Amino acid sequence: MAKSKTLKVTEMDRYLFGQGTNYEIYKLMGAHPTKQRGKDGVYFAVWAPHAKGVSVVGDFNGWDPEKNVMKCDNDMGIYQLFIPKVKVGDLYKFCITAPNGDLLYKADPYANYSEIRPGNASRVYDITGFKWSDAAWMKKRTEYDVNKEAMSVYEVHPGSWKKHPAEEGDPDGFYNYRELAHELADYVRDMGYTHVELMGIAEHPFDGSWGYQVTGYYAPTSRYGTPDDFQYFINYMHKKKIGVILDWVPAHFPRDGHGLANFDGTPTYEYADPRKGEHPDWGTKVFDYGKNEVKNFLIANALFWTEHYHIDGLRVDAVASMLYLDYGRQNGQWVANQYGENKNLEAIEFFRHLNSIVTTRNKGVVMIAEESTAWPMVTGDPKDGGLGFSLKWNMGWMHDFLEYMKLDPYFRQYNHNKMTFSMTYAYSEKYVLVLSHDEVVHLKCSMINKMPGLGQDKFENLKAGYSFMFGHPGKKLLFMGQEFGQYQEWSEARELDWYLLSEPAHQQLQAYVKELLALYKKYPALYANDCNTDGFEWMNADDCSRSIYSFVRKSPTGRNNLLFVINYTPVAREDYRVGVPKKKQYRLILNSKDPKFGGDVPVEQTVYKAEKQECDGKEFSFAYPLPAYGVAVFVY
């Protein structure tokens, strides 16, 4: 049903757009079904500042550039036109006459829907008709404090989590967003994750880019259904108390002819100087963060996902590539800023503006930086010189952790600091510990196949590794399939190897991860003090000869604190003595060698009383039979 409202980009709209602060510009730009002067049709608007002219072409006019010429009555280059009788579902593009006279057929940058690839036209859609029923979630979201609450994220590529068998007419076998909602919500709830993070939702032409080369920033990909289907997905997740985070890519965009590159025949969305506007390694274009209209396009897009689609967080991809002018570039390939430095001052200002406005307008929404360097204060307050992100991916922890876990247990004693070093900077930012899709592709092996040894040893190593991850300060993210020991590297072209769950070792690993997730949510000691130095204390960080780590996580109330003891060698320690902070009783709540996890060391005794005997520099201690590759978690 078309809205009875005369749409028009007014002088005030143009002024705010030129200032970079027209935060709901997407309600005007693009294609919007409406009614004008009693006629149903569609209102179109596009920004093409250097075009000689623009027309709308589509199904409704035989793709003839002469038939629906747009009007531009302003010096900003915003073209507008209402076309009667155009319907929801019609395909269209903008035909742009470039300054040199060439005709460019461009998809709509603000389109809400696209035809499925390999087609690349935009499709008229009315996204305003969906009836949301997640008001309780949205109200509770305003009270969410990510620094004090649990966040365990299941990273998912929707097209390859599960697939239908390929059929004639449906070679991809993709799940529709609605089907995915039910199956994924059931799985995520059963496992105990708090959030899902979705890869590749914004429209993109090439499956192999995993959605990181976007052509439709305002369109959920048509691979899995309509915008209404996607709204259903989010609404359903919220009703099942699962948060939804999207990967978001403001760093670069592809050169595809129908996309943003040289949009009006000139560098419109990208920097004009190729030393700033192109990524040599990626073959992509870089947004011009100095142009207010481009910043407005991106900031409004972040608000579009969080406000219109009720998205609970954005994980911002490739932040480092935006911050450094010399990122991925050789000498002579980049241009310094006004101070002769390699910092992109315009990108810094963009991030401060973006994060301030998104988190101010949407309390409880999280902005997460994938930033791979030691850039200071990524999660710091913009007023103090920070970038204003809620969280930062801890790439340093991930790199050291994986290097350690890959080692033969004999050599771990010489690399003990790889697991302890992260605590020297654990409070410099607000972190997410990540084992993401990037770590299980491109010949890096799946998580289980990174582990040393053969057969069951691999599973025992991975359980010990995941235990350290859940005990370490920081939110948690694990890529799909790694929770049950997927053997193959991930590929977007096939579904996960769910058949492995018919084998006991994979069932037991999955059960163990489920137990870790349950402990994580149950005990505030594991999340409420992530940003507080009072929340973590080493008992023994230096037991390198035996490759054993022991530490405690403390709750804000001082009750239900947790003691972790993790053995990274296949050598059992029948009487391992661990120093403890208090003369209390320590109750065993997780034993990795429990038969339900595939172990054969059921522990008769579950409560251990600390005695006054010095160990690990602590006045009190107790002894515990620590198995080979054993993990023990005690509550006190």
Side-chain angles (χ1 to χ4, degrees), residues 26 29-31 44 46-51 54-59 63 65 91-100 102-125 157 159 172 174 199-224 227 246-274 276-289 291 293-294 297-298 301 317-318 321-322 328 492-493:
Y26 57 83
M29 303 291 268
F44 295 90
V46 66
W47 176 61
H50 300 105
V54 183
S55 60
V56 185
V57 295
D59 289 341
W63 299 87
L91 295 174
Y92 72 98
K93 284 187 177 180
F94 293 117
C95 178
I96 296 172
T97 306
N100 66 1
D102 287 350
L103 295 185
L104 308 174
Y105 290 85
K106 292 287 189 177
D108 177 1
Y110 289 86
N112 293 134
Y113 193 33
S114 300
E115 66 175 327
I116 194 162
R117 49 90 177 110
N120 55 38
S122 302
R123 194 182 287 278
V124 175
Y125 202 89
H157 178 265
D172 296 312
F174 292 141
M199 297 166 59
I201 292 301
E203 192 59 85
H204 52 284
F206 176 49
D207 290 25
S209 78
W210 310 332
Y212 292 110
Q213 296 201 8
V214 177
T215 49
Y217 276 80
Y218 286 82
T221 178
S222 54
R223 287 167 176 80
Y224 318 128
L246 292 192
D247 274 8
W248 188 61
V249 193
H252 62 131
F253 55 90
R255 297 168 179 266
D256 295 62
H258 68 284
L260 297 177
N262 289 303
F263 185 75
D264 64 5
T266 70
T268 310
Y269 285 87
E270 65 268 50
Y271 285 110
D273 186 337
K276 287 180 79 174
E278 296 182 7
H279 272 304
D281 289 350
W282 300 341
T284 53
K285 298 284 192 176
V286 181
F287 282 106
D288 183 345
Y289 310 107
K291 271 188 197 160
E293 298 88 348
V294 173
F297 171 81
L298 290 170
N301 185 243
D317 182 63
S321 75
M322 299 168 64
E492 79 286 344

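Quick caveat, the model's predicted, so the values are computed rather than measured. Values below: all heavy atoms of this structure, side chains included; hydrogens, waters and symmetry mates excluded.
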Hey, mind stepping through V57 and Y105 against side-chain contact (heavy atoms from CB on, under 4.5 Å) and telling me if it holds?
CA-CA 9 Å; V57 295; Y105 290 85; 4.0 Å; yes
For the pair D172 and R117, evaluate salt bridge (charged side-chain N to carboxylate O under 4.0 Å, His left out) and give the outcome as yes or no after the intermediate values.
CA-CA 12 Å; D172 296 312; R117 49 90 177 110; 3.2 Å; yes
Between [X] (side chain only) and [Y] (backbone N and O only), is there a donor and an acceptor less than 3.5 Å apart?
| X | Y | answer |
| --- | --- | --- |
| K276 | V286 | no |
| E270 | N262 | yes |
| S209 | D207 | no |
| K106 | D264 | no |

Are any of the side-chain heavy atoms of S222 and Y113 separated by less than 4.5 Å?
yes
Fit a plane to each ring of [X] and [Y], take the angle between them on a 0 to 90° scale, and name the class: parallel (under 30°), tilted (30 to 60°) or perpendicular (over 60°).
| X | Y | value |
| --- | --- | --- |
| F253 | Y269 | perpendicular |
| F94 | Y92 | perpendicular |
| H252 | W282 | tilted |

Using a distance-only test with no angle check, is there a side-chain donor-acceptor pair under 3.5 angstrom linking N301 and W248?
yes
Going by atom types only, do E203 and T221 share a side-chain donor-acceptor pair under 3.5 Å?
yes
Suppose we screen for salt bridge (charged side-chain N to carboxylate O under 4.0 Å, His left out). Which residues come up paired with K93, at least two apart in sequence or across chains?
none
Run the numbers on L246 and M199 for side-chain contact (heavy atoms from CB on, under 4.5 Å), then give the verdict.
CA-CA 7 Å; L246 292 192; M199 297 166 59; over 6 Å; no
Would you please indicate yes or no on a ring centroid separation below 6.0 angstrom for Y224 and F174?
yes
Name the one of F297, Y217, F263 that satisfies ring-ring contact (aromatic ring centres under 6.0 Å, His included) with Y110?
F297
Which residues pass the side-chain contact (heavy atoms from CB on, under 4.5 Å) test with E278, sequence neighbours left out?
R255, P274, K285
Taking all non-hydrogen atoms of both residues into account, name the closest pair between D108 and S122 and its distance.
N-OG, 2.9 Å
Residues two or more places apart in sequence or in another chain: which of them pass ring pair (Phe, Tyr, Trp, His ring centres under 6.0 Å) with H258?
none
